[in-house]
Amino acid sequence: MSQGTTGYYVPSPSKWPIIGSTALFFMGFGAAFTMNKMPLGYGMLITGLVILAFLIYGWFREVALESEAGKYKTQEDKSFRWSMGWFIFSEVMFFASFFGALFYMRVLSIPWLAGADQELLWSGFSADWPTAGPGFDEKFTPMGAWGIPAINTMLLLTSGVTITLAHWALQKNDRGALKLWLFATIALGITFLGFQIYEYAHAYSELNLKMTSGAYGSTFFMLTGFHGFHVTVGTIMLIAIFFRCLSGHFKPEHHFGFEGVAWYWHFVDVVWLGLFIFVYLL
């Protein structure tokens, strides 16, 4: 029910939570069966992913239609903003743990393993970074900062500008500029992902840099891989709100669905700057 600008919309009982639980059931058992090479593993995993995709489309569509119907007022808007803020904070902590692991290896564990008291165990090991760590004989070439990483930095920084221009256009109710700048942001995100795929192929085939390349390889792919996953999610979110814009959704005074995606995209940009500095450059 809706109670003007001071009430709070309470939706009817929803089918989506049980559908989400079903998706998690299939994905959980499917992943476990697949890792243990048991029958039905891949089938259950794919079934869970299909159900999850249906859930995301259906539930988000329902929320968007409720918003366009005017059911969300001031209190709902406040809830959405707090929820998105806490979600992004959780993502900050997620990446902070990985940056912390990188710091621990580079500053603490690698120098300790190269210390004089470890000479009997790891004779000749030096604390130079990047390194796979002691006990790794296979050589690799670290990924340089200039080239694709620098291009990707430029792409993401530019996308931060274009999503801001799209937001300004929405606030001015300039629908043409809104669609143009939003489309440009999507194109930049997809281009970034294309370059990252090429970078990974180059790392495996020409640099012999793999996830199994010890300390450097594991942290490199862990940080850049999870960031790439977040860029993928962000790009899907941008595509969703682009189609909403084409359908006439969002108004200058009521568009948190757009703002929430913009917040997330700026977060992805900032994380990449940290990656470029601490993983590629230093």
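Treat the numbers as computed from the prediction; the structure is a model and nothing was measured.
A donor-acceptor pair under 3.5 Å is formed between the side chain of H255 and the backbone N or O of P252. Checked by atom type and distance alone, the side chain of S159 never pairs as donor or acceptor with a backbone atom of G189 at under 3.5 Å.
For F94, the CZ atom sits in a packed shell: over 12 heavy atoms of surrounding residues, nucleotides or ligands are nearer than 6.0 Å. Around the CZ atom of F60, the shell of radius 6.0 Å holds no more than 12 heavy atoms that belong to other residues, nucleotides or ligands. Around the CZ atom of F183, the shell of radius 6.0 Å holds no more than 12 heavy atoms that belong to other residues, nucleotides or ligands. Atom CZ of F89 is surrounded by 12 or fewer heavy atoms from other residues, nucleotides or ligands within 6.0 Å. In the displayed structure, R175 atom CZ is contacted under 6.0 Å by more than 12 heavy atoms of other residues, nucleotides or ligands.
With hydrophobic clusters built from ILVMFWY side chains whose heavy atoms lie under 4.5 angstrom apart, L157 does not share a cluster with I148. L24 and M35 fall into different hydrophobic clusters, where Ile, Leu, Val, Met, Phe, Trp and Tyr side chains are chained together by heavy-atom contacts under 4.5 Å. No path of Ile, Leu, Val, Met, Phe, Trp and Tyr side chains, each step under 4.5 Å between heavy atoms, connects Y57 with W16, placing them in separate hydrophobic clusters. Grouping the Ile, Leu, Val, Met, Phe, Trp and Tyr side chains by contacts below 4.5 angstrom, directly or via other members, places L281 with L207. Note: the hydrophobic cluster containing F87 also contains W59 (ILVMFWY, side chain heavy atoms under 4.5 Å, direct or indirect links).
Contact annotation: the side chain of F25 approaches that of F29 to within less than 4.5 Å [non-hydrogen atoms, C-beta and beyond]. Side-chain contact between I236 and T232: present, with at least one pair of heavy atoms (C-beta onward) separated by less than 4.5 Å. Here the side chains of W265 and T164 are not in contact, with every heavy-atom distance at 4.5 Å or above. Within the 4.5 Å cutoff, the side chain of K15 has heavy atoms near those of the E62 side chain. Residues F256 and E76 are not in side-chain contact: their nearest non-hydrogen atoms beyond the backbone lie 4.5 Å or more apart. Counting only heavy atoms from C-beta outward, the side chains of V268 and W272 never approach each other to under 4.5 Å. Inter-residue side-chain proximity for L155 and T158 is flagged as unmet; no heavy-atom pair is nearer than 4.5 Å. Between F221 and L209, some side-chain heavy-atom pair lies under the 4.5 Å cut-off.
Note: Y264 and H230 have parallel aromatic rings, judged against thresholds of 30 and 60 degrees for the angle between ring planes. In this pair, F276 and W146 present their aromatic rings perpendicular. The plane angle is above 60°, beyond the 30 to 60° band. Ring planes of F99 and F95: tilted class, angle from 30 to 60°.
In terms of heavy-atom proximity, M105 sits nearest to A215 at SD-CB, 3.5 Å. Listed here is the closest heavy atom pair of C245 and F250: SG-CD1, 3.7 Å. The minimum heavy-atom distance between R244 and A64, with the atom names listed, is CZ-CB, 3.6 Å. Minimum interatomic distance between H227 and V271 (heavy atoms only, all atoms of both residues): CD2-CG1, 3.7 Å. Of all the heavy atoms in P149 and G144, the pair that sits closest is CG-O, 3.2 Å. For the residue pair Y204 and M211, the shortest heavy atom distance occurs at OH-N, 3.3 Å.
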Self-check item: Trace of the side chain to side chain contact (heavy atoms under 4.5 Å, CB included) decision for W112 with S109
Solution: CA-CA 5 Å; W112 178 73; S109 67; 5.6 Å; no
Exercise. Start with the C-alpha gap between K139 and N208, add the side-chain angles, then the distance that decides, and say whether side chain to side chain contact (heavy atoms under 4.5 Å, CB included) holds.
Key: CA-CA 7 Å; K139 303 298 181 182; N208 197 36; 5.7 Å; no
Practice problem: Run the numbers on Y200 and M143 for side chain to side chain contact (heavy atoms under 4.5 Å, CB included), then give the verdict. | Solution: CA-CA 10 Å; Y200 278 9; M143 185 66 65; over 6 Å; no
Quiz item: Going through the checks in order, is the side chain to side chain contact (heavy atoms under 4.5 Å, CB included) test met by L238 and L182?
Solution: CA-CA 7 Å; L238 288 169; L182 189 52; 3.9 Å; yes
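Put simply, OG1 on T235 and CG on L193 are 5.0 Å apart, with the number rounded to the nearest 0.5 Å. To the nearest 0.5 Å, the span separating CG on L180 from OG1 on T185 amounts to 9.0 Å. With values rounded to the nearest 0.5 angstrom, L275 atom CG is found 9.0 Å from T153 atom OG1. Atom NZ of K251 and atom CZ of F258 lie 15.0 Å apart (nearest 0.5 Å). One finds the CD atom of E253 at 9.5 Å from the CG atom of L170 (value rounded to the nearest 0.5 Å). One finds the CD1 atom of I19 at 8.5 Å from the CD1 atom of I51 (value rounded to the nearest 0.5 Å).
Pairs passing the salt bridge (Lys or Arg N to Asp or Glu O under 4.0 Å) check and including a residue from residues 258-271, sequence neighbours excluded, read R81-E259. Among residues at least two apart or in separate chains, there is no salt bridge (Lys or Arg N to Asp or Glu O under 4.0 Å) pair with a member in residues 193-217. Each salt bridge (Lys or Arg N to Asp or Glu O under 4.0 Å) pair with one or both residues in residues 36-58, not counting sequence neighbours, would appear here, but there are none.
In this structure, F278 has its ring center at least 6.0 angstrom away from the ring center of F98. Between F242 and W181, the ring centre distance reaches or exceeds 6.0 Å. Aromatic rings of F220 and Y280 (six-membered ring for Trp) have centroids within the 6.0 Å cut-off, being under it.
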